[in-house]
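All values below were derived from every heavy atom in this structure, side-chain atoms included, with hydrogens, water molecules and symmetry-related copies excluded. In each ligand, atom 1 is the first atom listed, and ligand 1 is the first ligand listed. Quick note: residue numbers are just sequence positions, from 1.
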Amino acid sequence: MTPRVLVASRISRSAVELLKSRGFEVVEVNEPPEEELAKLIKGFHAIIVRSKPRVTRRVIEAADVLRVIARAGVGLDNIDVEAAEKKGIKVVNAPESVTQAVAELAVGLMLAVARKIAFSDRKMRSGEWVKHEAVGFELKGKTLGIVGLGRIGRAVARICYYGFGMKIVYTDQRCDREAGREFNGECVDLETLLRRADIVSLHVPLTPETKHMINEDRLRLMKKTAILINTSRGAVVDTNALIKALREGWIAGAGLDVYEEEPLPKDSPLLELENVVLTPHIGASSVEAQEQAGLEVAQKIIELLK
Ligand code: NAD
């Protein structure tokens, strides 16, 4: 029987071609909602997703011959891993493939907020020359606080230490002092990090422990001049508290790639704030990362189903 793969979010052409060249039948759909996916999933041996669609318990229970759920990227929070494992379905991802892309976006957001790049661009397009309002600050010599020193957190720390001469403090549930040595990083608790950092960059996965980890009390610990960068998951930050912090000046600005609700609702107050730079969850959206993520999960599927 021909093995069948449901590609449920857009992945690289070379990954699709690789699967086809190995005799797989590939069906491509565009991020179907839960109900539709629960119907579609029947007859497929593998499914490939990105941060969408959600592969819920309902979808997994509806599957009849499914053996692999592949996430072309890192975070598994859109997949009910427990339900999959209970049914003996393997869940695989491509953790290394998107590290550099996300790290570079985090640094891009830092620069965009610190130097008011997006703000200046907006004003110029509306005919204003905002030379005085657009005075920013340099990254050199500032303290970067990395929350979650995993693959992406380390990549950001490296760029900022070697590229900008920033000081690095970090917090992680494991607090591995060896991991921070290459950039002279100091492991501290979250509260100390928030008090000391000029830029706080979030790189933890979304788990019950990290949900709303950055809440009102913790935002109040940050310096008034500090900026918050979130390229991890929207729900790591309490959005309402962040909006309050940005409006009332508890912090100076934020650069966000991820949101509690995606797409970001059209009436979100974030859209009205000048001190925020917003991108539509494009951390992993580089040509190189997508190519690599697609190929990596296609290869894993071929291995597992051969
Ligand atoms: P990783 O697993 O290498 O690193 C995560 C780190 O967070 C680990 O060191 C872990 O010990 C730490 N951690 C986990 N729970 C913690 C807690 N409660 N307190 C403190 N530290 C904790 O993952 P990674 O590859 O660096 O990716 C990090 C996250 O980035 C992903 O989980 C994903 O949510 C997000 N991401 C976003 C995009 C995007 O498009 N914006 C793309 C890829 C990944």
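If you number the atoms of ligand 1 from 1 as listed, the ones under 4.0 Å from a heavy atom of H281 come out as 39 (C), 40 (O), 41 (N). Near D257, meaning under 4.0 Å from any of its heavy atoms, are these atoms of ligand 1: 39 (C), 40 (O), 41 (N). Of all the atoms in ligand 1, the ones that sit under 4.0 Å from a non-hydrogen atom of L149 are 9 (O). Short contacts between ligand 1 and G148, defined as distances under 4.0 Å to a heavy atom of the residue, involve ligand atoms 7 (O). Near V98, the atoms of ligand 1 lying under 4.0 angstrom from a non-hydrogen atom of the residue are 43 (C). Under a 4.0 Å criterion applied to the non-hydrogen atoms of M213, ligand 1 contributes the atoms 19 (N). The ligand atoms of ligand 1 that sit less than 4.0 angstrom from a heavy atom of A284 are 40 (O). Heavy-atom proximity to T231, at under 4.0 Å, picks out these atoms of ligand 1: 35 (C), 36 (N), 37 (C), 38 (C), 39 (C), 41 (N).
Residues E25 and T2 have side chains that never bring a donor and an acceptor to within less than 3.5 angstrom of each other. Side-chain contact, E288 with Q292: no donor N or O sits under 3.5 Å from an acceptor N or O. There is no side-chain donor-acceptor pair under 3.5 Å between Q290 and R10. In summary, the side chains of S51 and N78 do not present any donor paired with an acceptor at a separation below 3.5 Å, with no hydrogens or angles considered.
Around atom 42 (C) of ligand 1, the closest heavy atom drawn from V236, V204, V102 belongs to V102. Distances from atom 18 (N) of ligand 1 to the heavy atoms of T210, L76, D77, T207 put T210 nearest. Between H203, K211, Q173, it is Q173 that holds the heavy atom closest to atom 16 (C) of ligand 1.
Using a cut-off of 4.0 Å between Lys/Arg side-chain N and Asp/Glu carboxylate O, K90 and E303 are scored as not salt-bridged. One finds a salt bridge joining E274 and R122 here, because a Lys/Arg side-chain nitrogen approaches an Asp/Glu carboxylate oxygen to under 4.0 Å. A salt bridge does not link E36 to K39: none of the charged nitrogens lies less than 4.0 Å from a carboxylate oxygen. Using a cut-off of 4.0 Å between Lys/Arg side-chain N and Asp/Glu carboxylate O, E82 and K86 are scored as not salt-bridged.
Protein heavy atom at the shortest distance from atom 4 (O) of ligand 1 is G150 CA, 3.2 Å. If you check which protein heavy atom lies closest to atom 31 (C) of ligand 1, you get V74 CG1, 4.2 Å. Given atom 25 (O) of ligand 1, the protein heavy atom at minimum distance is R151 NE, 3.0 Å. For atom 44 (C) of ligand 1, the nearest protein heavy atom (residue, atom name, distance) is I152 CD1, 3.7 Å. Nearest protein heavy-atom contact of atom 7 (O) of ligand 1 is P205 CD, 3.5 Å. At the top of the distance list for atom 11 (O) of ligand 1, counting protein heavy atoms only, stands D172 OD1, 2.6 Å. Summary of contacts: the protein heavy atom closest to atom 33 (C) of ligand 1 is R233 NH1, 3.8 Å. From the protein, the heavy atom lying nearest to atom 35 (C) of ligand 1 is S232 O, 3.5 Å.
For the pair V26 and K20, the tightest heavy-atom approach, listed with the atom from each and the gap, is CG2-CG, 3.9 Å. Here the closest heavy-atom approach between residue S9 and residue E31 is recorded as OG-OE2, 2.8 Å.
Enclosure of atom CZ in R54 is not indicated, since only 12 or fewer non-hydrogen atoms of other residues, nucleotides or ligands lie within 6.0 angstrom.
No side-chain heavy atom of M222 sits less than 4.5 Å from a side-chain heavy atom of R195. Contact check for N93 versus V297: no side-chain heavy atoms found under the 4.5 Å cut-off.
Residue contact annotation: G73 has no non-hydrogen atom under 4.0 Å from ligand 1. Residue contacts with ligand 1 do not include T171, since none of its heavy atoms lies under 4.0 Å from the ligand.
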